[in-house]
Q: 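Could you have a look at this structure, given as structure tokens, before my questions?
Start at 1 with the first residue, then count along the sequence.
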Amino acid sequence: SLRSLAGVVGKVVLGSLADRVGARKVVVTASGLQLVIWIVLLQWPSVPMLIGAGLGLGFAGGALYPLRGALVGQLFGRAGFSSVTGILATMQLLPSLLAPPMAGTLYDQTGDYAAAFQAFLVVYLVAPILLALIRMPARPH
């Protein structure tokens, strides 16, 4: 519940910030924040840390879905928006289907979820780097 509430706040706050500084900068920063939160949680696992991580991940992650739409629109315009959004959703399907059984298998083998969380850190590391490398069209003034 707290993570969802933090996600609502993140959508509003980070969406407003994206209007001022650009969606890509906010998405890269939010992704980096998620990476740091996961690393901290893995280093110091506890219930208070889990609650704090849930709030932080909700806040940072809350903005990612609407800002992805803003980035797709900026990169591909109205003509390509639906097609690109459909392709992105399809590309996300396989990892979404594989992540839970992978986490369960790693838990069964190791007795905790740390290995799964460490594997997921790769996504949080690679995604903002790739996004930072994309050449964005000039913003209208």
Side-chain angles (χ1 to χ4, degrees), residues 1-78 80-141:
S1 297
L2 291 175
R3 183 175 181 188
S4 295
L5 182 59
V8 170
V9 174
K11 282 177 178 56
V12 173
V13 171
L14 296 177
S16 176
L17 182 62
D19 289 340
R20 290 188 199 98
V21 302
R24 180 170 65 166
K25 289 179 184 175
V26 174
V27 169
V28 168
T29 302
S31 295
L33 177 60
Q34 289 181 321
L35 175 67
V36 169
I37 290 168
W38 277 113
I39 290 171
V40 169
L41 182 60
L42 283 168
Q43 294 300 312
W44 297 284
S46 67
V47 171
M49 272 305 211
L50 182 61
I51 292 168
L55 288 169
L57 292 169
F59 180 80
L64 295 181
Y65 184 74
L67 291 181
R68 180 183 66 190
L71 290 171
V72 168
Q74 188 177 358
L75 283 167
F76 300 97
R78 286 185 189 164
F81 184 82
S82 295
S83 297
V84 172
T85 301
I87 291 167
L88 287 174
T90 302
M91 290 173 59
Q92 290 175 321
L93 184 60
L94 185 61
S96 295
L97 291 173
L98 295 178
M102 182 188 99
T105 299
L106 287 171
Y107 179 84
D108 290 343
Q109 292 175 351
T110 64
D112 67 27
Y113 289 103
F117 291 156
Q118 290 167 350
F120 299 148
L121 285 177
V122 174
V123 174
Y124 287 112
L125 179 62
V126 172
I129 292 170
L130 292 175
L131 182 58
L133 295 174
I134 294 173
R135 291 187 56 187
M136 301 293 286
R139 288 180 69 193
H141 297 285

Q: Would you call Phe59 and Val13 a side-chain contact if the rule is heavy atoms closer than 4.5 Å?
A: yes
Q: Quick one: do Asp112 and Leu106 satisfy side chain to side chain contact (heavy atoms under 4.5 Å, CB included)? Show the steps, please.
A: CA-CA 8 Å; Asp112 67 27; Leu106 287 171; over 6 Å; no
Q: Determine, stepwise, if the pair Ser31 / Val27 fulfils side chain to side chain contact (heavy atoms under 4.5 Å, CB included).
A: CA-CA 6 Å; Ser31 295; Val27 169; 4.2 Å; yes
Q: Using every non-hydrogen atom in the two residues, find where Gly62 and Lys11 come nearest and quote the distance to one decimal.
A: O-CG, 2.9 Å
Q: If you measure from CD1 on Ile37 to CG on Leu42, what distance do you get to the nearest 0.5 Å?
A: 12.0 Å
Q: For Tyr107 and Tyr113, take the angle between the two ring planes, folded into 0 to 90°, and tell me which bin it lands in: parallel under 30, tilted 30 to 60, perpendicular over 60.
A: parallel
Q: Specify the closest pair of heavy atoms between Leu64 and Ala30, including all atoms of both residues, with the distance to one decimal.
A: CD2-CB, 4.0 Å
Q: Minimum heavy-atom separation for Ala18 and Leu67, please, with both atom names.
A: CB-CD2, 3.5 Å
Q: If you round to the nearest 0.5 Å, how far is CD of Gln74 from CD1 of Ile134?
A: 10.5 Å
Q: So among Leu121, Val122, Ile129, which one has a side-chain contact (heavy atoms from CB on, under 4.5 Å) with Leu125?
A: Ile129
Q: Could you report the tightest heavy-atom contact between Leu88 and Arg68, atom names first, then the distance?
A: CD1-CD, 3.9 Å
Q: To the nearest 0.5 Å, tell me how far Arg3 CZ sits from Leu55 CG.
A: 10.0 Å
Q: May I ask you to decide if Val12's main-chain N or O and Ser16's side chain share a donor-acceptor pair within less than 3.5 Å?
A: no
Q: If I compare all heavy atoms of Ala23 with all of Ala70, which pair ends up nearest, and what's the gap?
A: CB-CB, 4.2 Å
Q: Which pair of non-hydrogen atoms, one from Pro101 and one from Leu98, has the smallest distance, and what is that distance?
A: CD-O, 3.3 Å
Q: Would you check, one step at a time, whether the test side chain to side chain contact (heavy atoms under 4.5 Å, CB included) holds for Phe81 with Phe76?
A: CA-CA 6 Å; Phe81 184 82; Phe76 300 97; over 6 Å; no
